[in-house]
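Letters go in sequence order (proteins before strands), and every chain restarts at 1.
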2 protein chains.
Amino acid sequence: MDDTRFNLIAKALADPQRFAILQRIAQQDDCPCMALVDECSITQATISHHLKELAGAELISARREGKCGYFTLKPETLAAYQAELSRRLLSGSEAVAPKGRSV
Amino acid sequence: MDDTRFNLIAKALADPQRFAILQRIAQQDDCPCMALVDECSITQATISHHLKELAGAELISARREGKCGYFTLKPETLAAYQAELSRRLLSGSEAVAPKGRSV
DNA sequence: CATACGTTTAGACAAGTATCTAAGGGAGCT
DNA sequence: AGCTCCCTTAGATACTTGTCTAAACGTATG
């Protein structure tokens with residue numbers, strides 16, 4: 001995973017409101033946008049902005065059906081990020097386990 | 001892990017320069033401050049600032065010997081962060097594995 | 001003691017971004 | 001077609017924060 005993508009994901013995870021949205025989506029596949037608007041204390045516009053960043057980091061996928069939008073966590077992106085974190089920090093001076101070469 | 005601490009760690013990991021410093025420290029226990037100054041293209045003051053944030057997030061521990069400072073990664077904090085990430089996002093609607101109760 | 005060296009702190013500045021309001025689009029309903 | 005509903009985009013604003021310079025601090029050493 002290249003630095004740019006790695007940092008994009010890290011930043012996406014680093015805002016509390018945005019993470020709360022992500023956490024809510026993680027609880028329910030195909031989570032409707034309306035649910036997020038109802039449960040978060042920020043405006044629809046801001047939520048839309050955060051959703052765009054989460055989608056940009058590929059932490060979620062978006063689906064549109066009629067007027068409504070639905071969002072689903074992409075667990076493989078999260079797993080890739082965690083693997084990369086370990087690869088970069090926990091491989092230390094000891095030889096790195098080369099099984100995760102670039103998820 | 002409470003939200004504040006979780007977010008503190010996430011933010012500490014989200015800046016490229018700061019992460020580069022952390023990654024350098026991860027490669028060498030007791031990494032001297034001077035090494036960071038030499039290898040990074042930012043001023044000593046900024047490095048000191050980043051080190052303070054990393055230490056604040058308990059991602060590193062600091063040691064002082066004479067004039068020089070030495071820093072070491074705290075892998076347990078990283079592991080706790082990763083466990084919390086999984087707990088919050090990957091436990092989904094399925095019953096959460098309750099073995100990691102609050103690392 | 002004075003000086004030099006490594007580091008930290010203070011203060012300032014600029015860039016990024018989270019947020020809001022207001023306006024724009026698209027999809028369904030009447 | 002017109003209206004309403006859900007969502008996105010545009011533009012503005014305020015706050016956060018990464019960065020620098022300059023000054024201060026602590027520790028050795030001449």
Test: [X] and [Y] ion pair at under 4.0 Å:
X	Y	value
B/Glu84	B/Arg5	no
B/Arg88	B/Asp3	yes
B/Lys11	B/Glu53	no

Contact pattern, 5' to 3', of nucleotides 17-30 of chain D - B, S or - by protein heavy atom under 4.0 Å: SSBBB-----BS--
Student check: side-chain heavy atoms of B/Cys31 and B/Thr72 closer than 4.5 Å: no
Any side-chain heavy-atom pair of B/Leu73 and A/Leu90 under 4.5 Å: yes
Joint hydrophobic cluster, B/Leu8 plus B/Phe71, side-chain heavy atoms closer than 4.5 Å: no
Nucleotide interval of DNA chain C bounded by contacts with chain A (heavy-atom cut-off, under 4.0 Å): C/dT17 to C/dG28
For B/Thr77 against B/Glu58, the heavy-atom pair lying closest together: OG1-O, 2.6 Å
